[in-house]
Every structure is written in C-alpha cells, then in structure tokens.
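Structure record follows, encoded as structure tokens.
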Amino acid sequence: MASKNLSVIVRSLSTSAVQNQMVRPPIQIFGLEGRYATALYSAASKMKQLEAVESELVKFQGSLKTDKKLNEFIANPTIKKEVKIEGVKQISTSLKFSPPTANLVALLAENGRLRNLHSIINAFKTIMSAHRGEIACEVTTAKPLDDATKQELTAALKAFAKKGENILLTTKVDPSIIGGMVVSVGDKYVDMSIASKIKKYTELIQAAV
C-alpha cells in the first residue's frame, strides 16, 4: 500500500509519464515526510534538478521563518483548499520554482498537507546530505569546545566514514552531562558522559543493597 501511494506521489511530482520509474534515495526515511521527500528526490533526480530543488526549498523555508504572512498562509488549516492551491501557484511563479518544487507545493496544497512542509523539506535535506556522502555527527559536551578540539574530533570521527564520505560536525552544550561527551554519528550513538557513568554506578549500588 505504501509503495503504491509513493508511486502516485512520484507521478504527481514528475512532468512526464516516462518518469514514473522510481529513483531510490541513498537513505530511507519513513513516515509521511519520508514518502514525499523520497518522491521529490526521484522526480528531481530524473530531471537533473536535485541541487536546484534543494536550494529553492532551503530559501523557501527561510522565507517562512521571516515572513509571518507567508507562514500563516501555509500553516493555517482554516483556509479553503481552493484558496491554498491558487496561492501556492502564485508563490511558485513569483519565486520561479523549478517544476519539481512547484509540483511539490501544489500537491501538498491539493492533499491538505502544507502543514507538513517543514518536515518534508528537512527530510529532503537529509536525503541530499546522504546523496553528497555527508555523515551528520553531533557531539554534546558540558562546556563549549574550542576550535582546536573540534578539529581533533572531526579527524578522529573520520574513522566512521567510508571512502568519499565527509563528517559534518555539529556541537551542543548540555551542562547536565557534567563532563565527558555524548557522540552521535549517523545511526550510531555513544554516551561517554560522566552523568551516564554516575547513573550506572548508582544502579549497581542500589542493586547490591
């Protein structure tokens, strides 16, 4: 059923019948946002417009954050479908969207899914990151890391990357971990924080009492 629905979305985002065959993305994302993002990747890939679509969606997402009226129009569920459809057509024309991007927002308006636009864009960005061979890595520490430490971490984390892949390091600060760090690389997760060790030791002590 899911594959059938995905095929329908792919056809809706494509501009000709010959593009119905699916182009699989480098990673699989589940849920509604995953289905739309996957279909968009397939359509844009066949039209050789992946980078253009990504750039358009990133800019559009930025506009939604700064333009309150535009964001209200997209997010407001009480606006009639016909008004939404006509509105996104005007937006696509004004922003000179490529066919895949224009088809996406039109399809979301038609299906009453514009409220999911942000999550769909984020899912597409994740797919495009994998398409470029980028591996997202998040490191959480109790205190901010200096530039030298970040460089050392990036070099060490490259051990997780395959040939042609790049580590994209982001850092977070969470004083509650006390010390050490929590590292997330792709789908791998390692908790080396002092807080986790304290919790482990506390559980061992309580079990022994």
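What you see is a predicted model, and the numbers here were worked out from it, not measured in a lab.
In this structure, I91 and L70 have side chains that are in contact, with non-hydrogen atoms separated by less than 4.5 Å. P99 is listed as a side-chain neighbour of Q49, based on a closest heavy-atom distance under 4.5 Å. The shortest distance between side-chain heavy atoms of N116 and L108 does not fall below 4.5 Å. Side-chain contact between V139 and L153 is present, with heavy atoms from C-beta onward closer than 4.5 Å. Between T171 and P144 the shortest side-chain heavy-atom distance does not fall below 4.5 Å.
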* Apply side-chain contact (heavy atoms from CB on, under 4.5 Å) to Y36 and N111, showing your working. => CA-CA 12 Å; Y36 278 95; N111 293 345; 2.9 Å; yes
* Please test L32 against I120 for side-chain contact (heavy atoms from CB on, under 4.5 Å), starting from the C-alpha separation and ending with a verdict. => CA-CA 8 Å; L32 181 143; I120 292 169; 4.2 Å; yes
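Annotation: the span from E152 atom CD to T154 atom OG1 amounts to 10.0 Å, rounded to 0.5 Å. To the nearest 0.5 Å, atoms OG (S129) and CD (E54) are separated by 8.5 Å. How far CG of L64 is from CG of N71: 5.5 Å, rounded to the nearest 0.5 Å. With rounding to the nearest 0.5 angstrom, the CZ atom of F97 is 15.0 Å from the NZ atom of K89. Annotation: the span from R113 atom CZ to E33 atom CD amounts to 10.5 Å, rounded to 0.5 Å. Between atom NZ of residue K65 and atom NE2 of residue H118 there is a gap of 7.0 Å, rounded to the nearest 0.5 Å.
By the criterion of side-chain heavy atoms lying less than 4.5 angstrom apart, applied directly or through intervening Ile, Leu, Val, Met, Phe, Trp or Tyr residues, L95 is grouped together with L57 in one hydrophobic cluster. Criterion: ILVMFWY side-chain heavy atoms under 4.5 Å apart, direct or through other members. Under it, F73 and F60 are part of a common hydrophobic cluster. Note on V173: it does not cluster hydrophobically with L169, by side-chain heavy-atom contacts below 4.5 Å among ILVMFWY residues. Hydrophobic clustering (side-chain heavy atoms under 4.5 Å, transitive across Ile, Leu, Val, Met, Phe, Trp, Tyr) keeps V58 apart from Y41. Cluster annotation: V182 and I178 are assigned to distinct hydrophobic clusters (Ile/Leu/Val/Met/Phe/Trp/Tyr, side-chain heavy-atom contacts under 4.5 Å, transitive).
Shortest non-hydrogen contact noted between A123 and A37 is CB-CB, 3.7 Å. Between M192 and K197 the shortest heavy-atom distance is O-CE, 4.4 Å. The minimum heavy-atom distance linking S45 with V23 is given by the pair OG-CG1, 3.7 Å. Summarising the geometry of C137 relative to V183, their closest heavy-atom pair is SG-CG1, 4.2 Å, with the distance given to 0.1 Å. Looking at every heavy atom in both residues, D174 comes nearest to T140 through CB-CG2, 3.6 Å. Between L40 and P100, the shortest heavy-atom contact is CD1-O, 3.7 Å.
S92 places a side-chain N or O within donor-acceptor distance of the main-chain N or O of V88, the cut-off being under 3.5 Å. In this structure a side-chain-to-backbone donor-acceptor pair under 3.5 Å is present from K84 to N76. Side chain of S42 to backbone of T38: no donor-acceptor contact under 3.5 angstrom is found.
Under 4.0 Å is where a charged nitrogen must lie from a carboxylate oxygen, and between K80 and E82 no such pair does.
When the options T126, L50, I27 are evaluated for a side-chain contact (heavy atoms from CB on, under 4.5 Å) with H131, the one that passes is L50.
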